2 protein chains.
Amino acid sequence: MIPKKYITWGSSGAVIRELAAYGAERAKVVGPENVYDFTIGSPSIEPPKKFFDVLDRLMKTVSPIELHTYAPAAGLESVRAAVAKYLTETFGVQYSPNDIYMTHGASSALAIILAALMSEGEEALVLAPYFPEYKIYVEQAGGTLIEVPCDEDFQVDLAALEAKLTPKTSVIIINSPNNPSGAVLSPDSVKAIAELLNKKAAEYGHPIYIVADEPYRELVYGDVEVPFIPAYYDNTVYCYSFSKSLSLPGERIGFLALSPKMTEHDNAWAAVCGAGRALGYVCVSTMFQQAAAECLGVTADISKYDDNRQLAYSALSDMGFNCVKPDGAFYLFIKAPGGDSQAFCRKAMEKDILVVPGDAFGCPGYVRLAYCVPFDRIKRSLPAFKALAEEYGL
Amino acid sequence: MIPKKYITWGSSGAVIRELAAYGAERAKVVGPENVYDFTIGSPSIEPPKKFFDVLDRLMKTVSPIELHTYAPAAGLESVRAAVAKYLTETFGVQYSPNDIYMTHGASSALAIILAALMSEGEEALVLAPYFPEYKIYVEQAGGTLIEVPCDEDFQVDLAALEAKLTPKTSVIIINSPNNPSGAVLSPDSVKAIAELLNKKAAEYGHPIYIVADEPYRELVYGDVEVPFIPAYYDNTVYCYSFSKSLSLPGERIGFLALSPKMTEHDNAWAAVCGAGRALGYVCVSTMFQQAAAECLGVTADISKYDDNRQLAYSALSDMGFNCVKPDGAFYLFIKAPGGDSQAFCRKAMEKDILVVPGDAFGCPGYVRLAYCVPFDRIKRSLPAFKALAEEYGL
């Protein structure tokens, strides 16, 4: 019998893709230059040259059979060693290859680690706003997702977090830089969270794991420091994707790193291998994982996102919109004038501006504008935003 | 809390990989030319030239951002259309793009479709011998795997199948050409299965789905016809991988095709999308899925496997080993002299021949020899096999 939950998950939650599809249709009517589509968080700058250089070298020097054969499920030994070395040298936490499991981007890292760390009936807390797929991965693992609202600056609200912690809490998902708010959790926030979790874990007599989802780690602007959570809290699993840093979202390359000092490390490792296997994963692309490993620390030209960010933030703020100044990722989170984000999105749509209601991210009252688009699109959209601001009497 | 089942799945079942690892260690001692490793079913012939030509063209003509961006979860529309067209033209079953869901090889197709078609407490039958991962995918879906032994020729034993069918049966997994036996199910066998399932489904008042796992479809030798099961039975989901036909196992490209006339088609489609999402899949490599779609019907040079097959089968049969003559795949299934496959594998190991006990495939008493190796390795192994035959008094 077809399980209802999969039918539901397969027929729902496509808000963003539906909006984008509407945009594509609308472009046929009014011309693509007159549709200001800010819906999808897909990289818009070229992958770095180094990536293609490495790919080219691999394709010319490695035999095709070897280059395209199965990799071990956890990843090639050389790739896992490179990742461990990079993390150790960059963040000062001593990783070994035995902590590193290559995944099809951060999404599969999350699906695997949540299955591996949660049992039926347990709870995963998440700082809201958050990426909506978390809820599905948690429920697939038999757990329940509990939202913890952030404060006005999208930093952790410690009292709110403490109020939601219970003996059933096994995991907290933290995504910094954040999709959709663009906020970066401060080192002080991370320290405070770590302290609270240590206290509560001792009280409950079982570990509470942080799952740190960090595909946007390198997409930060100005002098912002992104604290490396495993350096603050041993029971952290670090989930990473090369999708944003290398602009390769379609090739699905990422990894998860168990903290070397985490509680029940070896059982967690076995469970990661078991969950990966049970969810149908065999290995990450043998070719792409090697190429990515040589590009650790390399990024696409992020300065273009910064240009977009500056323009979108300053122009919209000047018009009277209340925007969170994003320190990272490629999203601008805008407070919906009047407080109704759905209504705001509809009004924006009438002006061919497409943005996503914050409701989809557990944060009604806001809308998300993805500024990973051509600079020119932002520029051309400004008169429409201006008209929108006037309509709202800003 | 870390679920025990994942720890178990993550720490077990690595028989084949352990044997291969032993082989690699042993090669350091006696030299690689003196270890006859026949453990792993990984393609040993080059991908076809056409694949690289297409890849080259894509990389030169499509912008990197577009070539490596997200694909829709089900696959690019153009790719799904190409697959549907190919299946329709080749097998005479009318597929549309809406039946095709691209997957990371056959493994993820199986994990997704078993989740989508099975509910807690249901049973999946499988014709034994079978690929051991089936059991994990079925149990992950909340079901139980029930083995149905084949007859001596590795064709279906209808009475045995009927005896295992119950109202709890929701799925039958059929893998032809078969790993590990190399047997191809005859059209008559498929017809008989279809008839039986139609009768039983009517009796139970619910559909019984066939999941046809066919990564070896093109690897057949001589005039053997591989019946296309969806043409015989509407409630079939066809799972395919390009890993073997194009020799690209490390790049994870495959698809599943819902039969257009299957019961509850639209719910099944939604459930496939939902299960794919819940298991953490986002999309199949945007670049590789396009390249594979242009290579539908193309294969690597399969004749090399046939040479290997002829040599291994005839030489071992001549020595007195009782082998199933394989019509497809790249495995030779050998009856263990004396009946104890574990003992036989150990004795073979003493002669540096590495083969896998059939126990791993639900078929004790046999061993699997993967002949997807250099021709020369088979040739050089023959004296060792001869000595083994003599030891057993064959």
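Predicted model, so just to flag it, every value in this text is computed and none were measured. Here is the naming used below: chain letters follow the sequence lines, and residue numbers restart at 1 for every chain.
Looking only at side-chain heavy atoms (C-beta outward), A:Tyr305 and A:Lys244 stay at 4.5 Å or farther from each other. By the 4.5 Å heavy-atom criterion applied to side chains, B:Gln290 and B:Ser285 are not counted as neighbours. Between A:Ile113 and A:Thr103, every side-chain heavy-atom pair lies at or beyond the 4.5 Å cut-off.
Residue contact with chain A, scored on non-hydrogen atoms closer than 4.5 Å, involves the backbone of B:Met118 exclusively. Residue contact with chain A, scored on non-hydrogen atoms closer than 4.5 Å, involves the backbone and the side chain of B:Glu264 alike. Interface residue B:Ser170: only side-chain heavy atoms are found under 4.5 Å from chain A. Of the two parts of A:Ala73, the backbone and the side chain both hold a non-hydrogen atom closer than 4.5 Å to a non-hydrogen atom of chain B. Looking at B:Val284, the atoms closer than 4.5 Å to chain A (heavy atoms on both sides) all sit in the backbone: N, CA, C or O. Only the backbone of B:Ser44 comes within contact range of chain A, judged by heavy atoms closer than 4.5 Å. In this structure, chain A has a heavy atom under 4.5 Å from the backbone of B:Ala71, while its side chain stays farther away. Heavy atoms of B:Ala116 lying under 4.5 Å from chain A belong exclusively to its backbone. Within the 4.5 angstrom heavy-atom criterion, no atom of A:Ile40 approaches chain B. For chain A, the nearby parts of B:Ala115 are the backbone and the side chain; heavy atoms of each come within less than 4.5 Å. Neither the backbone nor the side chain of B:Ala106 comes within less than 4.5 Å of any heavy atom of chain A. Both the backbone and the side chain of A:Glu251 come within contact range of chain B, each with at least one heavy atom under 4.5 Å from a heavy atom of that chain. Interface remark: A:Pro72 contributes backbone and side-chain atoms alike to the contact with chain B (heavy atom separation under 4.5 Å). Of the atoms belonging to B:Leu114, not a single heavy atom falls under 4.5 Å from chain A. With a 4.5 angstrom heavy-atom cutoff, B:Leu110 does not touch chain A via any of its atoms.
Taking every heavy atom of both residues into account, A:Tyr137 and B:Arg277 meet most closely at CE2-O, 3.2 Å. Heavy atoms only, all atoms of each residue included: B:Asn235 and B:Ile208 are closest at CB-O, 3.8 Å. Here the closest heavy-atom approach between residue A:Ser241 and residue A:Gly105 is recorded as OG-CA, 4.1 Å.
Interface check for chain B: of the options A:Lys5, A:Lys4, A:Gln140, the most heavy-atom pairs under 4.5 Å are formed by A:Gln140. The candidate from B:Ala300, B:Pro47, B:Gly280, B:Ala275 with the greatest count of non-hydrogen atom pairs under 4.5 Å with chain A is B:Gly280. Most heavy-atom pairs under 4.5 Å with chain B, from the set A:Ile136, A:Ile7, A:Asn267: that is A:Ile7. Heavy-atom pairs under 4.5 Å with chain B peak, among A:Ser119, A:Ala111, A:Ser247, at A:Ser119. By number of non-hydrogen pairs under 4.5 angstrom with chain A, the leading residue of B:Gly10, B:Pro43, B:Pro249 is B:Pro249. The greatest number of non-hydrogen atom pairs below 4.5 Å with chain A, out of B:Pro207, B:Ser42, B:Ala268, is found for B:Ser42. Counting heavy-atom pairs closer than 4.5 Å to chain B, the top-ranked of the candidates A:Leu248, A:Ile112, A:Val171 is A:Leu248. By number of non-hydrogen pairs under 4.5 angstrom with chain A, the leading residue of B:Ala109, B:Ala270, B:Cys273 is B:Ala270.
Distance alone, capped at 3.5 Å, is enough to place a donor-acceptor pair between the A:Asn308 side chain and the A:Val373 backbone. Looking at A:His206, its side chain does come within 3.5 Å of a backbone N or O of A:Pro167 through a donor-acceptor pair. No donor-acceptor pair under 3.5 Å is formed between the side chain of B:Glu46 and the backbone N or O of A:Pro64. In this structure a side-chain-to-backbone donor-acceptor pair under 3.5 Å is missing from B:Thr69 to B:Glu66. A donor-acceptor contact shorter than 3.5 Å is absent between the side chain of B:Thr286 and the backbone of B:His68.
In this structure, A:Tyr281 has its ring center at least 6.0 angstrom away from the ring center of A:Tyr101.
In this structure B:Ala370 satisfies the side-chain contact (heavy atoms from CB on, under 4.5 Å) test together with B:Tyr331, B:Cys372, sequence neighbours excluded.
For the residue pair A:Ser245 / A:Tyr240, a side-chain donor-acceptor distance below 3.5 Å is found, with atom types taken as modelled. A donor atom on one side chain and an acceptor atom on the other are found under 3.5 Å apart for A:Ser107 and A:Arg252. For the residue pair A:Asn98/A:His265, the side-chain donor-acceptor check at 3.5 Å is not satisfied.
Atom OG of A:Ser108 sits about 7.5 Å away from atom NE2 of B:His104, to the nearest 0.5 Å.
The stretch residues 49-59 of chain B places B:Phe52, B:Leu55, B:Met59 near chain A, each with some heavy atom under 4.5 Å from a heavy atom of that chain.
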